[in-house]
Amino acid sequence: MVRKGPVGPFEGAAELQRRLAQEVRLCPLAGEPRLVAGVDCSERDRTIRAAAVLLSWPELTPAAEALFEGPCRVPYVPGFLSFRELDSMVRALEGLGMPFDLVMVDGCGIAHPRGLGIASHLGVALNVPSLGISKSLLVGSFEEPGPDPLSIGPIWLNRSQVGWALRSRRGARPIFVTPGHMIDLDGALDVTLRALRGYRLPEPTRLADLLSKGPCQRKKR
DNA sequence: GCGACAG
DNA sequence: ATCTTGTCGC
């Protein structure tokens with residue numbers, strides 16, 4: 001087969017996403033986690049910095065943390081975030097030096113145009129249970145959760161529910177919880193609720209976010 | 001054609 | 001994501 005015209009720069013990537021999305025499994029968590037990881041990326045001066053943290057479960061006691069830095073090689077394009085950040089996230093997670101039972105990723109899971117947000121992509125790539133925690137929605141619509149803390153509303157995409165909008169803190173905008181891989185809607189919500197400690201973001205993602213920004217790294221005069 | 005658009 | 005000081009509100 002010979003292609004006719006020029007192919008969009010992300011056609012190959014989109015095709016890979018559609019293929020990997022078929023590997024995503026939405027099912028109850030295999031068992032109660034013992035170690036939960038959190039990952040996030042930040043960037044500064046064309047350098048990507050991925051941070052991973054490891055917490056005991058359900059105490060949420062810090063057990064390990066790791067950083068990975070590398071040059072930005074791929075631009076951010078909505079719908080293709082994983083091609084920009086996944087490798088760095090995996091490296092940071094490897095830096096933890098031990099396996100974990102679940103990973104919470106800063107980004108979307110199945111709430112994605114082709115069903116493979118970065119949380120799902122990471123879960124499939126590492127063959128580990130994963131879920132996404134994002135601060136806004138890439139696709140789909142959601143029912144605004146009530147004003148009371150822990151209120152929830154479903155996230156809809158193509159007539160089916162793909163996650164939850166969660167009011168994790170009073171007065172704060174909701175966060176979006178979506179299954180990544182080897183977990184289901186109820187499991188993703190349950191784990192997220194149990195990982196909250198009074199902040200808008202659950203501990204795994206919140207701590208990874210702080211670490212990626214760098215401890216005592218920001219100071220301007 | 002126009003607007004939306006994880007981080 | 002990042003650029004940025006002070007400021008409004010619980």
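Every chain is numbered from 1, with letters handed out A, B, ... down the list of sequences. Not measured: the values here are computed from a predicted model.
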Within residues 122-158 of chain A or reaching into it, pairs that qualify as ring pair (Phe, Tyr, Trp, His ring centres under 6.0 Å) - sequence neighbours excluded: A:F142-A:F176

Please set out all donor-acceptor pairs under 3.5 angstrom arising from side-chain atoms of residues 116-125 of chain A, sequence neighbours excluded.
| from | atom 1 | to | atom 2 | distance (Å) |
| --- | --- | --- | --- | --- |
| A:S120 | OG | A:G109 | O | 3.4 |
| A:S120 | OG | A:I110 | N | 3.4 |
| A:S120 | OG | A:G180 | O | 2.8 |
| A:H121 | ND1 | A:S82 | OG | 2.9 |

Pairing residues for A:R206 by the side chain to side chain donor-acceptor pair (under 3.5 Å) criterion, not counting sequence neighbours: A:E203

Sequence neighbours excluded, every pair satisfying side-chain hydrogen bond (donor to acceptor under 3.5 Å, both in side chains) that has a member inside residues 168-180 of chain A: A:D148-A:R170

Touch class at under 4.0 angstrom, heavy-atom based, for A:G79 against every strand present: base

Within-4.5 Å side-chain heavy-atom neighbours: A:M98 and A:L54: yes

Show every donor-acceptor pair shorter than 3.5 Å between a side-chain atom in residues 31-40 of chain A and any protein atom, with sequence neighbours excluded, or say none if there are none.
| from | atom 1 | to | atom 2 | distance (Å) |
| --- | --- | --- | --- | --- |
| A:E32 | OE2 | A:W57 | NE1 | 3.3 |
| A:E32 | OE2 | A:R194 | NH2 | 2.6 |

A:M104 side chain reached by A:P202 side chain, heavy atoms, under 4.5 Å: yes

Heavy-atom check, side chain of A:D106 versus side chain of A:I133, under 4.5 Å: no

Side-chain touch A:L29/A:P129, heavy atoms, less than 4.5 angstrom: yes

C:dA1 phosphate, OP1 or OP2, under 4.0 Å from A:R49 side-chain N/O: no

Paired and unpaired positions of DNA chain C as dot-bracket, Watson-Crick or G-U wobble under 3.5 Å, | denoting a partner strand: ..........

Sequence neighbours excluded - salt bridge (Lys or Arg N to Asp or Glu O under 4.0 Å) pairs with any residue from residues 84-94 of chain A: A:E43-A:R84

5' to 3' contact window, DNA chain B with chain A (heavy-atom distance under 4.0 Å): B:dC5 to B:dG7

Tabulate atom names and distances for all N/O pairs under 3.5 angstrom spanning the protein and nucleotides 8-10 of chain C.
none

Heavy-atom closest contact (A:A172 atom, A:R200 atom, distance): CB-CD, 3.8 Å

Sugar-phosphate only, base, or nothing, as touched by A:I118 at under 4.0 Å among non-hydrogen atoms: base

Partner set under side chain to side chain donor-acceptor pair (under 3.5 Å) for A:E23, not counting sequence neighbours: none

Consecutive-pair stems (3 or more, Watson-Crick or G-U, under 3.5 Å) for DNA chain B: none

Touch class at under 4.0 angstrom, heavy-atom based, for A:F80 against every strand present: base

Enumerate, atom names and distances included, each donor-acceptor pair closer than 3.5 Å involving a side-chain atom of residues 58-77 of chain A, sequence neighbours excluded.
| from | atom 1 | to | atom 2 | distance (Å) |
| --- | --- | --- | --- | --- |
| A:E59 | OE1 | A:S56 | OG | 3.2 |
| A:E69 | OE2 | A:R49 | NH1 | 3.0 |

